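Notes to accompany the following structure.
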Amino acid sequence: MKERDGERILMAHGGGGVLMHELIGRIAGRFGGEGPMQDSALIDLPGGRIAFTTDSYVVSPLFFPGGDIGRLAVCGTVNDLAVCGARPRWISLAMIVEEGLDIEVLDRVAASVDAAAREADVRVVTGDTKVVERGKADGLFINTAGIGEIPPGVDVSTANALPGDVVIVSGTIGDHGLALLSVREGIAFGGEIESDTAPLSSLIVPLLEARPGVVRAMRDATRGGLAAVLNEIAVDAGVCVRVESAKIPVRESVRRGCELMGYDPLHIANEGKFVLIVDPAAAGAVVEAMRGHELGRDAAAIGRITDEEPGLVVLKTGLGGERVVDLPYGDILPRIC
């Protein structure tokens with residue numbers, strides 16, 4: 001990582017962009033990590049393979065339209081397992097609570113965790129609670145870990161994308177980030193916007209079971225948004241990802257909000273959307289199957305993988321021109337998960 005600002009951590013280091021990727025690479029390099037940086041580690045055991053993930057949640061505010069920190073923690077962990085091809089099974093949950101937090105808030109969050117775990121068909125099997133002094137934790141932070149079982153033969157690494165494959169997104173982008181921005185800034189963007197926070201395993205697991213080998217790669221589009229995921233695929237697989245602006249589903253209220261604030265919807269975080277890279281012969285059937293599920297009703301094929309300009313993401317604009325889609329340098333919207 002290049003030396004910037006006296007080598008001190010900035011808020012931008014957590015935003016899903018260039019600085020976050022540099023920071024992760026710097027830290028992970030000390031542990032000897034190689035290959036694509038997936039959201040879960042894939043571990044071979046005598047009885048089969050598992051996926052193991054961990055995450056922390058510092059979202060602000062704790063409650064927002066469409067979710068809260070408890071639901072977000074469960075869904076985020078479940079989704080990180082599911083997009084690696086695993087069936088989520090078990091979760092740990094640790095809460096770092098600030099002195100002075102209303103007990104009723106903790107009760108609401110715990111109830112939300114329970115409801116989300118039941119919805120996702122996972123069990124919260126262990127946890128921890130710590131209390132820190134007033135002013136040291138902004139109310140409540142949550143850390144999770146999750147374990148899922150990977151069926152034999154499933155491999156959906158981002159390095160697997162091949163020229164000719166079709167790029168599919170599971171639904172409208174930018175909902176989560178704009179929902180939080182609306183609450184923080186007190187702005188109504190011409191329509192009610194809710195976070196898309198949801199456990200994606202109920203869509204992903206049956207899709208992989210019904211169509212073995214069809215899905216080459218998957219990744220959920222959280223921090224850094226769709227742009228970050230597409231760039232990761234392009235780099236990991238050594239391919240070019242070409243997508244069309246007109247085919248990318250964006251709610252009109254989200255589009256207006258982004259225009260008002262000067263944001264690109266491709267850079268805005270999601271918490272219930274994922275990207276698939278699919279065998280072109282099966283792409284139409286995959287989109288149709290996804291649209292039959294509540295969490296995939298707005299699924300759309302948005303582009304293709306090519307072998308030209310490896311490592312780049314190229315967007316065809318509404319005017320017919322083209323531009324390169326880069327990672328954002330820092331954080332567009334901090335504290336979104």
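Each residue takes its place number in the sequence, starting with 1. Just so you know, these numbers come straight off a predicted model, no measurement behind them.
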| task | Applying side chain to side chain contact (heavy atoms under 4.5 Å, CB included), run through Asp55 and Asn143 and close with a yes or a no. | result | CA-CA 6 Å; Asp55 213 335; Asn143 174 265; 6.0 Å; no

| request: Evaluate side chain to side chain contact (heavy atoms under 4.5 Å, CB included) for Met95 paired with Leu93, printing each intermediate quantity in order. | output: CA-CA 7 Å; Met95 293 186 173; Leu93 187 94; 3.8 Å; yes

| query | How far apart are the C-alpha atoms of Val124 and Trp90, what are their side-chain angles, what is the distance that settles it, and do they pass the side chain to side chain contact (heavy atoms under 4.5 Å, CB included) test? | reply | CA-CA 6 Å; Val124 179; Trp90 305 280; over 6 Å; no

| task | Check the pair Phe189 / Leu181 against side chain to side chain contact (heavy atoms under 4.5 Å, CB included), numbers first and verdict last. | result | CA-CA 10 Å; Phe189 297 119; Leu181 180 64; 3.9 Å; yes

| Check against salt bridge (charged side-chain N to carboxylate O under 4.0 Å, His left out), Arg87 and Glu209 | CA-CA 11 Å; Arg87 180 184 292 273; Glu209 289 177 346; 2.6 Å; yes

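In terms of hydrophobic clustering, with Ile, Leu, Val, Met, Phe, Trp and Tyr side chains grouped at heavy-atom distances under 4.5 Å, Val241 and Val235 are assigned to different clusters. The hydrophobic clustering, which links ILVMFWY residues whose side-chain heavy atoms are closer than 4.5 Å, places Val132 and Val58 together. At a threshold of 4.5 Å between side-chain heavy atoms, the hydrophobic network of Ile, Leu, Val, Met, Phe, Trp and Tyr places Leu106 and Phe64 in one connected group. Note on Val113: it does not cluster hydrophobically with Leu81, by side-chain heavy-atom contacts below 4.5 Å among ILVMFWY residues.
Scanning for side-chain contact (heavy atoms from CB on, under 4.5 Å) contacts around Leu45 gives Ile43, Ile50, with sequence neighbours left out. Judged as a side chain to side chain donor-acceptor pair (under 3.5 Å), and not counting sequence neighbours, Ser92 has no contacts. Shown here are the side chain to side chain donor-acceptor pair (under 3.5 Å) partners of Asp107, two or more places apart in sequence or in another chain: there are none. A search for salt bridge (charged side-chain N to carboxylate O under 4.0 Å, His left out) contacts involving Asp44 returns nothing, not counting sequence neighbours. Here Glu259 pairs with nothing under the salt bridge (charged side-chain N to carboxylate O under 4.0 Å, His left out) rule; sequence neighbours left out. Every salt bridge (charged side-chain N to carboxylate O under 4.0 Å, His left out) that Asp175 has, sequence neighbours left out, goes to Arg251, Lys273. With sequence neighbours left out, Lys136 forms a salt bridge (charged side-chain N to carboxylate O under 4.0 Å, His left out) with no residue at all.
Distance check, rounded to the nearest 0.5 Å: CG of Asp279 to CG of Leu162 gives 9.0 Å. Between Ile173 atom CD1 and His267 atom NE2 the span is 10.0 Å, to the nearest 0.5 Å. Taking OG from Ser60 and CG from Leu333, the interatomic distance works out to 12.0 Å, rounded to the nearest 0.5 Å. Put simply, OH on Tyr57 and CD1 on Ile142 are 9.5 Å apart, with the number rounded to the nearest 0.5 Å. Taken from CG in Leu226 to CG in Asn270, the straight-line distance is 7.5 Å, to the nearest 0.5 Å. Expressed to the nearest 0.5 Å, how far OG1 of Thr172 lies from CZ of Arg255 amounts to 10.5 Å.
Within the hydrophobic cluster formed by Ile, Leu, Val, Met, Phe, Trp and Tyr side chains joined at under 4.5 Å, directly or through other members, Leu276 is accompanied by Leu42, Val83, Ile150, Val154, Val156, Val166, Ile168, Leu200, Leu203, Ile204, Leu207, Leu208, Val214, Val215, Met218, Phe274, Val278, Val286, Val287, Met290, Leu295. With a 4.5 Å cut-off between side-chain heavy atoms of Ile, Leu, Val, Met, Phe, Trp and Tyr, the cluster of Val205 takes in none.
Of the charged side-chain nitrogens involved, at least one lies within less than 4.0 Å of a carboxylate oxygen, so that Arg335 and Asp138 count as a salt-bridged pair. Under the 4.0 Å criterion applied to side-chain N and carboxylate O atoms, Glu271 and Arg71 are not assigned as salt-bridge partners. In summary, Glu98 and Arg134 do not engage in a salt bridge, as defined by a charged side-chain N under 4.0 Å from a carboxylate O.
Pairing each heavy atom of Ser253 with each of Ile193, the nearest pair is OG-CG1, 3.5 Å. Counting all heavy atoms, side chain and backbone alike, Ala300 lies closest to Pro249 at CB-CD, 4.2 Å. The heavy-atom pair separating Ile302 from Lys247 by the smallest distance is CG2-O, 3.3 Å. Listed here is the closest heavy atom pair of Cys337 and Leu72: CA-CD2, 3.6 Å. Between Gly272 and Ser170, the closest heavy-atom pair is O-OG, 4.2 Å. A pairwise comparison of heavy atoms in Ile277 and Ala161 identifies CG2-CB, 3.8 Å as the closest pair.
Between Val183 and Pro65 the shortest side-chain heavy-atom distance falls below 4.5 Å. In this structure, Asp307 and Cys240 have side chains that are not in contact, with every pair of non-hydrogen atoms separated by 4.5 Å or more. Taking 4.5 Å as the limit, every side-chain heavy atom of Phe141 sits out of range of all side-chain heavy atoms of Val97. Side-chain contact between Leu315 and Ser245: present, with at least one pair of heavy atoms (C-beta onward) separated by less than 4.5 Å. Between Pro310 and Val239, the closest side-chain pair of non-hydrogen atoms is not below 4.5 Å.
With hydrogens and angles disregarded, a donor-acceptor distance shorter than 3.5 Å links the side chain of Ser182 to the backbone of Ile187. At least one donor-acceptor pair under 3.5 Å links the side chain of Arg304 to the backbone N or O of Gly164. A donor-acceptor distance shorter than 3.5 angstrom exists from the side chain of His176 to the backbone of Ile336, with no hydrogens or angles considered. Between the Asp102 side chain and the Glu104 main chain, a donor and an acceptor come within less than 3.5 Å of each other. A donor-acceptor contact shorter than 3.5 Å links the side chain of Asp68 to the backbone of Gly70. Using a distance-only test at 3.5 Å, with no hydrogens or angles considered, no donor-acceptor pair links the side chain of Asn231 to the main chain of Ala228.
In summary, of the residues considered (Ile91, Asp220, Thr53), a side chain to side chain contact (heavy atoms under 4.5 Å, CB included) with Val78 occurs for Ile91 alone.
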Please list, one pair per line, the donor and acceptor atoms closer than 3.5 Å that link side chains of residues 320-327 to other protein atoms, with sequence neighbours excluded.
residue : atom : partner : partner atom : Å
Glu322  : OE1  : Arg242  : NH2          : 2.8
Glu322  : OE2  : Arg242  : NH2          : 2.3
Arg323  : NH2  : Asp264  : OD2          : 2.9

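Arg184 CZ: more than 12 foreign heavy atoms inside a 6.0 Å radius. Around CG of Asp121, the count of heavy atoms belonging to other residues, nucleotides or ligands within 6.0 Å does not exceed 12.
For the side chain to side chain donor-acceptor pair (under 3.5 Å) condition, the pairs that include at least one residue of residues 144-156, sequence neighbours left out, are Thr77-Thr144, Arg89-Glu149, Asp155-Asn160. Applying the side chain to side chain donor-acceptor pair (under 3.5 Å) test to pairs two or more places apart or on separate chains, those with a residue in residues 281-298 are Ser202-His293.
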